[in-house]
Amino acid sequence: MKFATKAIHAGQEPDPSTGAIMTPIYQTSTYVQEAPGKHKGFEYARTQNPTRLALEKNIAALEGGQYGYCFGSGMAAIDAVAKMLLPGDEVVATNDLYGGSYRMFTKVYQRYGIKFHFIDLSNTANLAGYINDKTRMVWAESPTNPMLNIIDIAAIKQHIAGKNILLAVDNTFATPYLQRPLELGADIVVHSATKYLGGHSDVVLGAVVCNDAAIAEQIKFMQNSCGAVCGPHDAFLVLRGIKTLHVRMDRHCENGMKIARFLAAHPKVNKVFFPGLETHPNHDVAARQMSGFGGMMSFTLKGDKYEDAITVLTHTHFFSLAESLGGVESLIGHPASMTHASIPKEEREKTGVVDSLIRLSVGIEDADDLVKDLSDALAAVNE
């Protein structure tokens with residue numbers, strides 16, 4: 001199956017009892033057994049649920065993976081991966097990453113003797129000084145959140161080849177429609193399915209996909225033992241959202257490029273961070289490992305004034321000021337005070353998260369309306 005067909009059919013069959021074309025919501029906590037251990041493949045809903053299983057198979061197929069596991073949130077998915085680490089292990093992570101990931105790594109797992117190095121992974125050569133016999137994982141996002149840095153996934157894997165080091169990639173921004181890290185050498189792919197996979201801002205869910213049976217066994221163990229599973233209704237909503245993923249992502253990409261070019265030419269905008277622009281660092285890598293550039297971008301204002309950013313943030317109409325991203329509606333946010341507030345100011349500013357940085361999740365509305373919305377908001381600066 002090609003991608004669009006997988007999005008609609010992978011992991012899903014008509015309900016055998018009724019012929020329902022949509023996967024039913026199996027709202028049950030347990031399953032009747034004929035005898036102890038003799039059942040139809042389902043024992044207890046934390047361990048297995050048919051709706052969740054359909055979603056897990058679907059997401060795995062989209063990523064080109066053999067095994068998929070779904071969780072109650074993207075952070076729960078990351079947590080399951082982090083639980084594979086042991087005290088004394090070291091992780092090399094991109095220094096530009098989602099604030100929630102940074103918070104979990106530094107405030108939770110660092111307490112258990114796991115050491116994290118946050119470096120610029122957009123230059124693969126930077127790994128050299130941090131890989132040692134204690135390194136067990138490289139954690140990457142590409143594009144990164146919120147600076148849209150591009151990391152060469154294949155080059156990272158080549159750099160750590162032959163060592164006992166896992167490469168985990170958060171593929172939330174790109175989605176499997178635009179980028180499939182497993183095909184580029186990654187060992188583990190993580191998603192906040194809350195975002196583009198669900199696509200409608202109505203569900204919170206996470207996913208982990210891999211190809212290695214030993215990794216899969218560990219993730220499945222963590223899922224069942226720690227219990228951070230998603231409910232069947234949430235799984236149903238993401239399954240429904242994925243059916244239009246390819247159609248939505250095409251429009252996100254189209255609108256994103258139009259908005260990025262508009263901002264790049266605006267006299268009040270200092271810099272635009274969007275991998276589709278030829279001037280974006282590692283644009284050539286993005287063009288090679290992605291089939292499109294998505295709808296996420298950030299930009300700074302000339303003068304880098306916090307109050308100017310607030311003016312823009314409070315003068316849009318179609319761009320709603322809110323956390324999250326990846327829905328059909330456009331969102332605008334201020335990383336320094338919202339999604340990345342958990343990162344110390346001195347650390348976030350090293351990666352470019354300055355006071356005037358504004359992040360956009362460009363939706364699938366009419367692009368001309370979105371351009372006018374931003375134009376009006378920018379016009380309010382210094383009025």
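By convention here, the first residue in the shown sequence is residue 1.
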Look at the side chain of Thr244 and the backbone N and O of Gly241, then say whether any donor-acceptor pair between them is shorter than 3.5 Å.
yes
Here the gap from Phe318 atom CZ to Asp376 atom CG, rounded to the nearest 0.5 Å, amounts to 10.0 Å
Looking only at the aromatic ring of each residue, does the gap between the centers of Phe293 and His280 stay below 6.0 angstrom?
no
### Task
Return yes if some donor-acceptor pair links the side-chain N/O of Ser73 with the main-chain N/O of Ala76 below 3.5 Å, else return no.
yes
Discussion item. Before you tell me yes or no, could you show the steps for Phe262 and Leu370 under side chain to side chain contact (heavy atoms under 4.5 Å, CB included), namely the whole-Å CA-CA distance, both residues' side-chain angles and the distance that decides it to 0.1 Å?
Written reply: CA-CA 10 Å; Phe262 159 74; Leu370 297 179; over 6 Å; no
Is there side-chain contact between Phe319 and Leu313, with at least one heavy-atom pair below 4.5 Å?
no
Checklist line | Donor-acceptor contact below 3.5 Å, side chain Lys243 vs main chain Ile8 | finding: yes
Rounding to 0.5 Å, atoms CD (Gln218) and CD1 (Ile188) come to a distance of 8.0 Å
For this session: Please examine the side chains of Ser192 and Met75, heavy atoms only from C-beta on, and report whether any two atoms are closer than 4.5 Å.
Result: no
**Prompt:** Asn282 side chain to Ser122 main-chain N or O, any donor-acceptor pair under 3.5 Å?
**Reply:** yes
Note to self: Can you classify the ring geometry of Tyr177 versus Phe3 as parallel (below 30°), tilted (30 to 60°) or perpendicular (above 60°)?
What the structure shows: tilted
_Any heavy-atom pair between the side chains of Arg136 and Glu90 that's under 4.5 Å?_
no
NZ of Lys195 to OG1 of Thr175, rounded to nearest 0.5 Å, is 13.5 Å
What verdict does the side chain to side chain contact (heavy atoms under 4.5 Å, CB included) test give for Asn126 and Val92, after you've listed the backbone C-alpha separation in whole Å, the side-chain angles of each residue and the deciding distance to 0.1 Å? CA-CA 10 Å; Asn126 290 337; Val92 181; over 6 Å; no
Heavy-atom closest pair (Glu323 atom, Thr339 atom, distance to 0.1 Å) is OE1-CG2, 3.1 Å
Does atom CD of Glu278 have more than 12 heavy-atom neighbours, drawn from other residues, nucleotides or ligands, at distances under 6.0 Å? yes
dist Leu205:CG -> Arg52:CZ (nearest 0.5 Å) comes out at 10.0 Å
Heavy-atom nearest pair, Ser298 first then Pro146, reads OG-O, 2.6 Å
Tell me if a side-chain donor or acceptor on Asn49 pairs with a main-chain N or O of Tyr26 at a distance below 3.5 Å. yes
Carefully, step by step, assess Leu263 and Met297 under the rule side chain to side chain contact (heavy atoms under 4.5 Å, CB included).
-> CA-CA 10 Å; Leu263 290 172; Met297 70 189 67; 4.0 Å; yes
Which of Asp170, Asp96, Asp120 passes side chain to side chain donor-acceptor pair (under 3.5 Å) with Thr144? It is Asp96
For the residue pair Phe116 and Trp139, is the inter-centroid distance of their aromatic rings smaller than 6.0 Å?
no
For Asn58 and Ala10, the nearest pair of non-hydrogen atoms, with its separation, is ND2-O, 2.9 Å
> Are the side chain of Ser225 and the backbone of Phe221 linked by a donor-acceptor contact shorter than 3.5 Å?
Replying inline: yes
Val203 and Gly198 have their tightest heavy-atom pair at CG1-CA, 4.4 Å
*asked:* Counting C-beta onward and ignoring hydrogens, is there a side-chain heavy-atom pair between Val91 and Thr135 closer than 4.5 Å?
replied: no
CG (Leu121) and CD1 (Ile119) are apart, to the nearest 0.5 Å, by 4.5 Å
Inset, instruction - Under the side-chain hydrogen bond (donor to acceptor under 3.5 Å, both in side chains) rule, what do Glu365 and Asn255 come out as? Steps first, then yes or no, please. - result: CA-CA 8 Å; Glu365 303 95 335; Asn255 284 0; 5.2 Å; no
| message | Hydrophobic cluster membership, with links at side-chain heavy-atom distances under 4.5 Å among I/L/V/M/F/W/Y: are Ile114 and Val190 in one? | response | yes
Tightest non-hydrogen contact, residues Phe236 and Thr23, listed as CD1-O, 3.3 Å
Exercise for review: State, with a plain yes or no, whether a side-chain heavy atom of Tyr306 is found less than 4.5 Å away from one of Ser356.
Suggested key: no
* Single-linkage hydrophobic cluster Val169~Leu62, side-chain heavy atoms < 4.5 angstrom -> no
Whether Asp368 and Lys372 form a salt bridge (side-chain N of Lys/Arg under 4.0 Å from carboxylate O of Asp/Glu) is what I want to check.
no
**Prompt:** Does a side-chain N-to-carboxylate-O contact under 4.0 Å join Lys350 and Glu347?
**Reply:** yes
Check your understanding: Charged N to carboxylate O below 4.0 Å: is that the case for Lys271 and Asp304?
Key -> no
Salt bridge present between Asp308 and Lys268 (N-O < 4.0 angstrom): no
task = May I ask you to say whether Arg251 pairs ionically with Asp366, meaning some side-chain N is under 4.0 Å from a carboxylate O?
result = no
**Message:** Does either side chain, that of Asn224 or that of Thr47, offer a donor lying less than 3.5 Å from an acceptor on the other one?
**Reply:** yes
Looking only at heavy atoms, the pair that brings Pro232 and Thr51 closest together is O-CG2, 3.4 Å
Paired with Asn171, the side chain to side chain donor-acceptor pair (under 3.5 Å) test is passed by just one of Arg180, Gln179, Glu141, namely Gln179
dist Ile131:CD1 -> Ile165:CD1 (nearest 0.5 Å) comes out at 4.0 Å
Check: So, does Gln110 use its side chain to make a donor-acceptor pair with the main chain of Lys115 at under 3.5 Å?
Finding: no
Is a donor on one side and an acceptor on the other found under 3.5 Å between the side chain of Tyr69 and the backbone of Gly206? no
- Is the closest side-chain heavy-atom distance between His283 and Leu277 below 4.5 Å? no
So, for Phe299 and His266, is the gap between ring centers shorter than 6.0 Å? no
- Message: Does Glu56 form a side-chain hydrogen bond (donor to acceptor under 3.5 Å, both in side chains) with Gln223? I'd like the steps, not just the answer.
- Response: CA-CA 12 Å; Glu56 290 172 336; Gln223 183 194 51; 3.0 Å; yes
Margin query: Before you tell me yes or no, could you show the steps for Arg359 and Met296 under side chain to side chain contact (heavy atoms under 4.5 Å, CB included), namely the whole-Å CA-CA distance, both residues' side-chain angles and the distance that decides it to 0.1 Å?
Written below: CA-CA 8 Å; Arg359 192 187 75 178; Met296 295 301 301; 3.7 Å; yes
Flag the pair Glu329 and Arg248 as a salt bridge only when some basic side-chain nitrogen lies within less than 4.0 angstrom of an acidic carboxylate oxygen. no
* Do the side chains of His315 and Asp373 get nearer than 4.5 Å, heavy atoms only? -> no
Below 4.5 Å, heavy atoms only, C-beta onward: do Gln289 and Ile150 meet side chain to side chain?
yes
- Hey, any chance Leu378 and Leu360 share a hydrophobic cluster, counting ILVMFWY side chains that come within less than 4.5 Å of each other, even indirectly? yes
message: Are there over 12 heavy-atom neighbours, none belonging to Glu349, within less than 6.0 Å of that residue's CD?
response: yes
query: Do the side chains of Ile364 and Val371 join up, straight or via other hydrophobic residues, at under 4.5 Å, putting them in one cluster?
result: no
- Query: Are the aromatic ring centres of Tyr102 and His340 under 6.0 angstrom apart?
  - Reply: no
| request: Spell out, as yes or no, whether a donor-acceptor pair under 3.5 Å connects the side chain of His200 to the backbone of Val328. | output: no
* Under 3.5 Å: donor-acceptor pair, side chain of Lys57, backbone of Gln12 -> no
